[in-house]
Amino acid sequence: MSHILLIVGGGIAAYKSCELIRLLRKAGHSVRCVLTEGGSHFVTPMTLAALSENQVFTTLWDLKDEAEMGHIQLSREADLVVVAPGTADLMARMANGHADDLATTLLLATDTPVLVAPAMNVRMWLHPATQRNVAQLRADGVEVMAPDEGAMACGEFGPGRLPEPPAILAAIEAKLTPVHRPLAGRHVLVTAGPTHEPIDPVRYIANRSSGRQGFAVAGALAALGARVTLIAGPVTLPTPAGVTRVNVETARDMAQAVAKALPADAAVMVAAVADWRVEAAGQKVKKDGGAAPALTLVENPDILATLAASPNRPALVVGFAAETEHVIDHAVAKRLRKRADWIVANDVSGDVFGGEANRVHIVTAQGVESWERMSKDEVATRLAQRIADALQARS
Ligand code: C5P
């Protein structure tokens with residue numbers, strides 16, 4: 001996980017910074033925001049605080065913040081400082097070494113790499129003064145992205161639009177150093193979501209898995225630089241940034257997709273795979289007034305166990321175990337039975353399925369580690385880091 005310090009300048013494109021924060025959080029990064037006086041006319045500290053789940057800093061003269069976190073430390077703690085939107089005025093002040101508000105002071109005091117995503121009117125962007133400032137910033141080692149071209153909020157057309165949030169996210173991730181991308185060059189396979197097992201062409205058996213935990217794991221692994229193949233059962237969640245998604249419906253489809261995606265350095269099987277499928281009817285089963293039809297169930301392949309026993313076995317195989325009782329005992333047994341390296345056990349007797357939070361226990365050959373209750377994103381971030389550490393230790 002990387003720490004991003006996001007400076008939000010005063011332009012209408014500040015609303016897109018809100019989307020950027022969301023994407024950064026989804027990709028497993030922590031975000032702390034600094035809002036300039038101009039920026040506060042477009043978005044509020046409350047918006048940024050809610051999205052970043054962090055305190056927002058607005059002024060140099062807030063003594064309470066200075067006592068708790070010096071403004072110099074604020075910028076140095078970050079792995080990357082991002083200015084979005086970077087207005088013409090903010091870039092001019094940066095280029096000239098001003099330090100007359102919190103944003104410019106941080107930018108002058110930092111030894112952390114800086115990325116600027118500019119946004120302004122086309123004439124302002126093309127003005128020689130702005131071009132001079134951009135050239136100066138680049139010469140000073142600041143990465144200034146090229147603005148997008150197109151229709152502007154002010155009604156004109158041309159270069160000056162803020163690059164789209166996914167493009168800014170990609171530029172941020174490309175700029176993070178290898179320390180923040182310990183999984184660079186690794187391929188990790190993740191399964192997520194439920195499976196649908198057809199009864200006939202119009203009906204199916206499913207389960208309550210939302211796919212959220214698995215999607216969060218895939219995003220967190222990608223944020224650490226892994227090439228991630230996410231094999232997803234039927235869910236409508238958006239694909240996390242940097243993840244290759246393969247949609248499947250049934251357990252057998254999922255088993256095939258997993259085999260096809262190999263080789264991989266690690267596999268994290270989060271999917272709630274149906275244990276049984278139905279001997280499906282070729283045509284819709286009709287209600288004919290007689291006895292209710294009986295469903296004949298057939299056991300599905302165990303994808304995790306098959307993978308763990310295969311000659312193509314990834315170096316690290318992680319399974320999940322959703323249990324409603326004897327959570328740890330069942331997970332310990334499951335780890336051995338399925339030959340997984342780790343089992344992430346969770347108690348689903350409460351509101352875990354479909355919910356935001358999770359309480360998990362990591363069962364390994366060394367023992368059991370219980371994590372406190374935290375968000376699914378936080379579980380994902382921590383698990384991804386643990387996977388990175390384990391792969392690093394093995395190689
Ligand atoms: O046996 P149980 O369903 O509790 O095991 C859960 C773990 O096994 C999860 O990691 C799940 O993704 C995986 N699994 C699988 N294929 C199945 C059943 C479970 O990969 N058919």
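Since the model is a prediction, treat every value here as computed from it, not as a measurement. All ligand and atom numbering here is 1-based and tracks the order in the structure.
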* Decide, yes or no, whether a salt bridge links Lys334 with Glu323 under the criterion of side-chain N to carboxylate O below 4.0 Å. => yes

Nearest-contact summary for [atom] - protein heavy atom, Å:
{"atom": "atom 9 (C) of ligand 1", "value": "Phe320 O, 3.0 Å"}
{"atom": "atom 21 (N) of ligand 1", "value": "Pro301 O, 2.8 Å"}
{"atom": "atom 18 (C) of ligand 1", "value": "Val273 CB, 3.7 Å"}
{"atom": "atom 10 (O) of ligand 1", "value": "Met269 O, 2.6 Å"}
{"atom": "atom 13 (C) of ligand 1", "value": "Leu304 CB, 3.8 Å"}
{"atom": "atom 16 (N) of ligand 1", "value": "Ile303 N, 2.9 Å"}
{"atom": "atom 11 (C) of ligand 1", "value": "Ala271 O, 3.2 Å"}
{"atom": "atom 4 (O) of ligand 1", "value": "Lys334 NZ, 2.3 Å"}

Side-chain donor-acceptor pair present, [X], [Y], cut-off under 3.5 Å:
{"X": "Asn133", "Y": "Thr130", "answer": "no"}
{"X": "His361", "Y": "Ser370", "answer": "yes"}
{"X": "Glu197", "Y": "Thr195", "answer": "yes"}
{"X": "Thr87", "Y": "Arg93", "answer": "no"}
{"X": "Glu325", "Y": "His330", "answer": "no"}
{"X": "Asp200", "Y": "Gln283", "answer": "no"}

* **Passing candidate, side-chain hydrogen bond (donor to acceptor under 3.5 Å, both in side chains) with Thr229, options Lys260, His187, Arg245** => His187

Return yes when [X] approaches ligand 1 closer than 4.0 angstrom through a heavy atom, no otherwise.
{"X": "Ala251", "result": "no"}
{"X": "Lys338", "result": "yes"}
{"X": "Ala322", "result": "no"}

* Any idea which atoms of ligand 1 are less than 4.0 Å away from a heavy-atom of Gly319? -> 10 (O)

